[in-house]
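Since this is a predicted model, take the numbers as computed values, not measurements. All values below come from the heavy atoms of this structure, side chains included, with hydrogens, waters and symmetry mates left out. Atoms within a ligand are numbered from 1 in the order they appear, just like the ligands themselves.
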Amino acid sequence: MEIFHISAECYPVAKVGGLADVVGALPKYQNNVGHLVRVVIPCYDTKFRKENKFECIYSDTITLGSFNFSFNILKEKTDKLGFELYLVEIPELFDRKDVYGYEDDIERFLSFQIATLAWITNRNEVPDVINCHDHHSGLIPFMMLYCHKYEKLRNTPSMITIHNGLYQGQFGFDKLYYLPEFDLVHVKVLEWDNCINSLAVAIKCAWAVTTVSPNYLNEINYSANGLESLFNLVRYKSRGILNGIDVEVWDPAKDAMLSTNYSIKNFEKGKQENKEKLCNLFNLDPTKPLFSFIGRLLEEKGGDLLPHASALALSENYQQINILILGSGNTAIENQLNDLLSDYKGNYNTFIGYNEELAHLIYAGSDFLLMPSRVEPCGLNQMYSLRYGTIPIVRRTGGLRDTVIDFGDDGNGICHDQATVGDVCYSIQRAVNLYKDKEHLNKIIKIGMNTDHSWERVCQEYIEMYKLISNKK
Ligand code: ADP
C-alpha cells in the first residue's frame, strides 16, 4: 500500500511529545513489512533540517483567503529514518524554532494542510490511504471529500488518529474563507459548538477514527472536552490501537545517551551506574530510591499535584528518598517545584525545560517513574520506563490502564485511582516499602523489561484498519 502520514511532529525531526515518537516509528515498521510510507510535516527551523540533505521535488503557490504563499516540498535524500520524509516549506509561517504556540497557528496549520493536498493532488498516482494525526491535519478529510480542487482524492480513504482529544484546533467562521472552494451545502459539517472545530471535522469526515489506546476510546465517550456525543456517534468506525515504542531508539543495551548500557541480564549494575551519574549531576543520594517525573507540567499530566506530593513524601521519608523532576509547562507549577529546592537539598532537584538526552538517562537511572495523569490517551513514558527497568507509578487512566498492572495483582507497576496528593503519596509509600525487598523489586522489574511493546505487532493493526476502509471504496 502507499500510505501517507500527515502530522505536525515526527521524531527526530521535530518533537514536542508522544505524537512525534509515534509518527517517527510507526511508518518505519510499516515500511519494513513492505508498504511504501511517506511522512509529511511542516519544515520548522530545527537541527535535523540543518544537518541533513533535502531535495526540492515540488513547488507551487497556494492561497489562504486573500494571502498568497509559495511553498516547496522537500524530500530527505537518503530515507535515513526508514521511510520517505517530506517537509512542507513555507518560510513565512514555519521557519521558526517552535512547533506550536504562535498567534497564527491556525493560519500556519491550514496552509500546511492546503499545501500538502495541492502536492498530493498534483502527483500522477493517488495514495491508497491518508492517515492524519491530531487536529493539525484534521481538515484534510473534509477537503478531500468536498473541496473542488481535490476531487481526484474523493475516493481515497482517510483515517484520523487521535493522540490527544483535548486539543481540537477550533476557530471562528470568520476564517471560513481560508478554505478552498466547496459547495456551501456542506458547511454544517465544519461546525461544532458554533466554531469550526478541526478535530470534530476529522472525526466526522474520516473513513475511520483511531485512538492511541483501547481504554482511551472508552473514556472519550463520556469525557472528551465537549466531543463526547460525537465520539458516541462514530463508534461504528472507531478503534483503539495501543501505541508501540521504537525498540531500536529505546534500547538500554544500545542507547548512546546512557552512561552505561545494560540488559535484563545485568540491569542491577547497569541501572546503578546510570543512577550514580544522574545523582552526581543533580546532587542526589544514589543509595536511596529515586522517583522521577518526565513530561509537560500541566494539569492534564497531574503536574499540579507534584509540588505538594513531593514535599509531603520527602518530609514523611526524611532523607530516605530522592525526587527528580524534568519538564516544563505551567509557570506557576514550575515555580512551586523550584520553591522546594532549598528545603530538600540533596534529595530533590528539578530541570525545568526539555532535554531528550537527560530523559533517556532518567529512564535508565531512576527506580520509579511518577505519572499521576488526569488524562493520558496512551502515554509512552511508562512503556519506556518498563523497558529501562524503572517501575512506573501511574494513575489508572487512558492508556496507563492498558499498560500498567499493579504489582499486587502480579503486575509490572504501582497503580492508584485518584489524581490526588493522597493517592500519589500512598503509592510512593508502597514503593518505598517495595524497594526494601530487593528480590520482589527485581522480580517486578523483570516483568516490565520482558513486556513486548514493539511496533511490529501493533503496526499490523493499522494495516488491517486501512484495508477495512479500502474495501468500502
Ligand atoms: P505527551 O502527552 O506529552 O505526548 P507521551 O507520554 O505520549 O506524552 O510522550 C511524551 C514524550 O515526550 C516521551 O518521549 C517523553 O520522554 C518526552 N518528554 C516529555 N517531556 C520531556 C522533557 N521535558 N524533556 C525530554 N523529553 C520529554
Is a side-chain donor or acceptor of Trp192 paired with a backbone partner of Gly226 at a separation under 3.5 angstrom?
-> yes

Of all protein heavy atoms, the one nearest atom 23 (N) of ligand 1 is Gly353 O, 2.9 Å

Measure up the Trp250 and Tyr363 rings against each other and bin them: parallel (under 30°), tilted (30 to 60°), perpendicular (over 60°).
-> perpendicular

Does His136 offer a backbone N or O that forms a donor-acceptor pair with the side chain of Asp134 under 3.5 Å?
-> no

Sub-4.5 Å side-chain heavy-atom contact between Met159 and Ile469 | yes

Please report which non-hydrogen protein atom sits nearest to atom 25 (C) of ligand 1, along with the residue it belongs to and the distance in Å to one decimal place.
-> Asn355 O, 3.3 Å

With atom 27 (C) of ligand 1 as the reference point, say which of Tyr384, Tyr354, Trp250 has the nearest heavy atom.
-> Tyr354

Side chain, backbone, both or neither: Asn381 near ligand 1, heavy atoms under 4.0 Å | both

Electrostatic pair Arg430-Asp406, nearest N-O below 4.0 angstrom | yes

Given the rule in the ring-ring contact (aromatic ring centres under 6.0 Å, His included) test, do Phe291 and Phe368 qualify, once you have shown the distances and angles that lead to the verdict?
-> CA-CA 5 Å; Phe291 294 80; Phe368 300 97; 4.9 Å; yes

Which class fits the ring pair His163 and His133: parallel under 30°, tilted 30 to 60°, perpendicular over 60°?
-> tilted

Quick look: Asp21 vs ligand 1, heavy-atom contacts under 4.0 Å, and the answer is side chain

Should you measure from each heavy atom of Lys15, which atoms of ligand 1 turn up under 4.0 Å away?
-> 12 (O), 13 (C), 14 (O), 17 (C)

Check: Cys425 main-chain N/O paired with Gln429 side-chain donor or acceptor under 3.5 Å = no

Near Ala359, which atoms of ligand 1 are under 4.0 Å from a heavy atom of that residue?
-> 25 (C), 26 (N)

What protein heavy atom sits nearest atom 1 (P) of ligand 1, and how far away is it?
-> Lys301 NZ, 3.4 Å

Test item, Gly327 contacting ligand 1 (heavy atom, 4.0 angstrom) = yes

Close approach of Asn164 to ligand 1, heavy atoms, under 4.0 angstrom | no

Ignoring hydrogens and angles, tell me if any N or O in the side chain of Asp105 forms a donor-acceptor pair with the backbone of Tyr100 under 3.5 Å.
-> no

Any non-hydrogen atom of Ser328 lying under 4.0 Å from ligand 1?
-> no

Which residue and heavy atom of the protein sit nearest atom 4 (O) of ligand 1, plus the separation | Gly18 N, 2.6 Å

Okay, side chain of Asp402, backbone of Asn215: is any donor-acceptor separation there less than 3.5 Å?
-> yes

Where do Asn347 and Gln319 land on the side-chain hydrogen bond (donor to acceptor under 3.5 Å, both in side chains) test, with the steps shown first?
-> CA-CA 6 Å; Asn347 293 99; Gln319 295 189 342; 4.7 Å; no

Does Arg96 count as lying over the ring of Tyr102, i.e. NZ or CZ under 6.0 Å from the six-ring centre, within 45 degrees of the axis?
-> yes

Among the heavy atoms of Tyr363, does any lie under 4.0 Å from an atom of ligand 1?
-> yes

Those atoms of ligand 1 less than 4.0 Å from some heavy atom in Gly379 | 6 (O)

Shortest protein heavy-atom distance from atom 19 (C) of ligand 1, along with the residue and atom involved = Gly295 CA, 3.7 Å

His163 contact mode with ligand 1 (heavy-atom cut-off under 4.0 Å) = neither

Would you mind checking which non-hydrogen protein atom is closest to atom 6 (O) of ligand 1, with the distance to 0.1 Å?
-> Leu380 N, 2.9 Å

Which is closest to atom 3 (O) of ligand 1 in terms of heavy atoms, Glu356, Arg296, Glu357?
-> Arg296

Looking only at distance, does Met371 have an N or O less than 3.5 Å from an N or O of ligand 1?
-> no

